[in-house]
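Computation of the quantities below employed the complete heavy-atom set of this structure, encompassing side-chain atoms and omitting hydrogens, waters and symmetry-equivalent molecules. We name chains A, B, ... by the order of the sequence lines, and we start the count at 1 in each one.
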Amino acid sequence: MKFLDELNDVQKEAATHIDGALLILAGAGSGKTKTITTRLAYLLSLGIDPANTLTLTFTNKAANEMRERALSLLEGQNIPHPPLLSTFHKFGLMFLKLYIHLINRDNNFVIIDSDDQRKIIKQISSDLPPNFISKEISKYKNSFLTPDEVYALATDSVYKNLAHIYEKYQNYLLENNLVDFDDLLLLTYKILNENDDLADEISDKYQYIMVDEYQDTNEIQLLLLKRLCKNHNNICVVGDDDQSIYGFRGANHKNILDFEKDFNAKVIKLEINYRSTNQILNAANNLISFNKNRYGKKLISARGDGKDIEILRNYNEIAEAEMIAKKIRDLINQGVDPKEIAVLYRINALSRSIEDGLRNYGIPYKLVGGMKFYEREEIKDLISYLRLLVNPHDDYSFKRVVNKPRRGIGKATIAKIEEAKGDKSFIEYIKENDLSIISKKAAKTLKDFVNTLELLSKMSLDELPENLEEIFELSKSYKDEDKARNIEEFYGMMRERSDLNIREFLNELSLETDQDKITMDMINVMTIHASKGLEFDHLFVIGMEEGFFPLNDADIEEERRLAYVAITRARKDLTLSYVESRYIHGKRSPVNKSRFLTEAGLIKGERVELKESSAIKTGSLVKHKVFGTGRVLGINKAGNKTKLKIDFGGSVREILSDFVEKV
DNA sequence: TGGACACTTCTTTTT
DNA sequence: GAAGTGTCCA
């Protein structure tokens, strides 16, 4: 096999491993993708039926890239059909289409995204932050807790209330045949778990399973994988425990640390780094060695020495931005390709100053992952129209679009119908009643609206854009040119996918992200999270300050991994920057340089003394001398004082954080 | 009904 | 500082 010659010995060992569980611990820049795509190509070149392989990823982009690379290695060989490479969620979607009837649900379900989820939650309850609720619900679902069980476990009124909201939320999904992102995996697992014969069938079908970015898997994904490989244990996962940075989204860093034990796996470490210079890797190695929870590996550069890492210190963020803009200008003047330059930061709020700086110097840049196409208001409106056509009972979508563009249907009218309609959906009620409770004009508008929707619902995906536009003037009604253009772009996407019906189109769409669209042609400005998997010759990381990076109250080891990811994005030239004072949240505050600079060995003789955070967060249990134990409902920072809103068994008090202890 | 104004909040976000 | 939410009034 000629393509094996492209690999080093360790990579080759990994790529030619055939049977049994294997963990490929792949350090940053160690040729991870090359190794697993080669392994896939290798398996297929041995005559293994592509239909017997399954490769799971987290993004469509990764799946597509890997498919292409594997197939290009096999060029000229006769592969009967392409292998299945899919995201976990898309795999769930395909599975549920075939088998959701086994839990008595119809396969014409619609997938909701996190935004929809929050909206639904908001309709159910208004007293707790929807973000907090949706996180909690996700936690419960992923721990297989039913609302009743959550209620039974609840120790205080807040959590009893949450159990209640959870129950209503689940009922809402069932009534409207909706499926959230968690469900795509959960229900898939549930069905496989309850139907042993089916699990056998599926496990026998997918005899060779591979998983990319294993450090980002959560509990359900682990359980699901166990089901999928129950009959063969042929599972090969790739990942880097040191690059696990999605804990806040439910990724369980433990999965990769325990894989060896969980699956009785062989472990192969890829430690030769083909990306960065010694200086950069030394800093990365030094820094990450401060973490306790890790497998332990050291990156060794295949590129040798390069430039020293530069540390920038500035008076404030304006000076910082100016200094970096100047440096970037110089690089470009030296002929550096702008797409080889990137600026990273921990939090989006820092993008502003650097953007200003670049703009002042007339340097074109691209903000990666800023406002997302599918999250734009006008696109969500259009999607709501499509949903309403598929499911006339979708009251959430109905309310979203009933007055877009303006038809003179306001809050009052909606509230009246809401009260009168009982269990009926808006559209049902409007069709079946004379609407005497609202004004004649509004009644006529609504009747017309509903009739029009019914008409539109009979159309195919490629007929819709024209008709929607003619009837509702969705694009035309916007004065904002960007919005109109976005709508036209979306129309274009609908026409392109005329092979699908509306429902299929919506479900495909909900699993798509802008991540898939990242193209690199200009200077890139983005969060560290967005930079994962990318690499640049010249890299700037700004905001290296305590409180920003590491962020206050965050999991320090995950912050450190994040810094590790940031550093290892750089190929030859890394610049880390901090300031003395930063303007944030409408206020200027003095800041100290990040401990990570010291830990990386970049600033000698200094040690930032800071307690490892025993951070108090919303939801934490705390103890007070007099009031006893309570749960934190909210956190309020005023100056350098932090005030906590705490529920002490029903009575809510505001207490300064210094007066309580975390329990 | 919908605009104007006050008040709150502010980490990252592969699906 | 900005965006999102809530409330009031023409």
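- What separates CG of Asp212(A) from P of dT14(B) is a distance of 16 Å, to the nearest Å.
- Remark: Arg294(A) engages Asp242(A) in a salt bridge, criterion side-chain N to carboxylate O under 4.0 Å.
- Contact annotation for Leu551(A): base contact, defined as any heavy-atom pair under 4.0 Å involving a base atom.
- Within 4.0 Å (heavy atoms only), Thr57(A) reaches no atom of the nucleic acid at all.
- Geometric assessment of Arg582(A) against the ring of Phe548(A) yields a positive cation-pi assignment under the 6.0 Å and 45° thresholds.
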Check your understanding: Run the side chain to side chain donor-acceptor pair (under 3.5 Å) check on Ser134(A) and Arg118(A) step by step: do they pass?
Key -> CA-CA 7 Å; Ser134(A) 74; Arg118(A) 274 196 300 274; 5.3 Å; no
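- You cannot call His529(A) stacked on the base of dT13(B); the centres under 5.5 Å and planes under 30° rule is not satisfied.
- In this structure, Tyr246(A) reaches the bases: a heavy-atom distance under 4.0 Å links it to at least one base atom across the strands shown.
- Between Asp116(A) and Arg387(A) there is a salt bridge, since a side-chain N of the basic residue sits under 4.0 Å from a carboxylate O of the acidic one.
- Here dT14(B) presents its P atom at 20 Å from NE2 of His253(A), a figure rounded to the nearest Å.
- At a threshold of 4.0 Å, the pair Glu508(A)-Arg497(A) counts as salt-bridged, since one of the basic side-chain nitrogens sits closer than that to a carboxylate oxygen.
- We find that CD of Glu545(A) is positioned 15 Å from C1' of dT11(B), with the value rounded to whole Å.
- Within 6.0 Å of NZ in Lys399(A) there are more than 12 heavy atoms belonging to other residues, nucleotides or ligands.
- Under the 4.0 Å criterion applied to side-chain N and carboxylate O atoms, Asp555(A) and Arg560(A) are not assigned as salt-bridge partners.
- A sub-4.0 Å separation between OP1 or OP2 of dT13(B) and a side-chain N or O of Thr527(A) is present.
- Two residues, Ala349(A) and Thr87(A), neighbour DNA chain B, and the one matched to the more 5' nucleotide by heavy-atom proximity is Ala349(A).
- With Asp216(A) as the partner, the side-chain hydrogen bond (donor to acceptor under 3.5 Å, both in side chains) test is satisfied by one option alone out of His253(A), Arg249(A), Gln243(A), Lys532(A): Lys532(A).
- If you check dT14(B), dT11(B), dG1(C) against the side chain of Arg346(A), the one that comes closest is dT11(B).
- Put simply, CG on Asp553(A) is 10 Å from P on dT11(B), counting in whole angstrom units.
- In this model, the phosphate group of dT13(B) is approached by a side-chain N or O of Asn348(A) to a distance below 4.0 Å at OP1 or OP2.
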Validation: residues 86-96 of chain A side-chain donor-acceptor distances under 3.5 Å, sequence neighbours left out:
unit_1   : atom_1 : unit_2   : atom_2 : d
Ser86(A) : OG     : Phe91(A) : N      : 3.2
Thr87(A) : OG1    : Lys90(A) : N      : 2.9

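- Taking atom NZ of residue Lys587(A) and atom C1' of nucleotide dA2(C), one finds them 15 Å apart after rounding to whole Å.
- A close approach under 4.0 Å does occur between a side-chain nitrogen or oxygen of Arg352(A) and OP1 or OP2 of dA2(C).
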Which pairs, protein N/O on one side and nucleotides 2-4 of chain B N/O on the other, fall under 3.5 Å?
unit_1 : atom_1 : unit_2    : atom_2 : d
dG2(B) : OP2    : Asn403(A) : ND2    : 3.2

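- Regarding Asp182(A), its CG atom lies at a distance of 15 Å from the P atom of dT14(B), rounded to whole Å.
- Between Phe248(A) and His529(A), a ring centre-to-centre spacing shorter than 6.0 Å is recorded.
- For Asp216(A), the listed nucleotide lying nearest its side chain is dT14(B); candidates were dT12(B), dG1(C), dT14(B).
- When each of Phe248(A) and His89(A) is assigned the nucleotide of DNA chain B bearing its nearest heavy atom, the one mapping closer to the 5' terminus is Phe248(A).
- Distance CD (Glu355(A)) to C1' (dA2(C)): 14 Å, rounded to an integer number of Å.
- In this structure, Met526(A) places its CE atom 15 Å from C1' of dT13(B), rounding to the nearest Å.
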Distances for protein N/O vs nucleotides 5-9 of chain B N/O pairs under 3.5 angstrom?
none

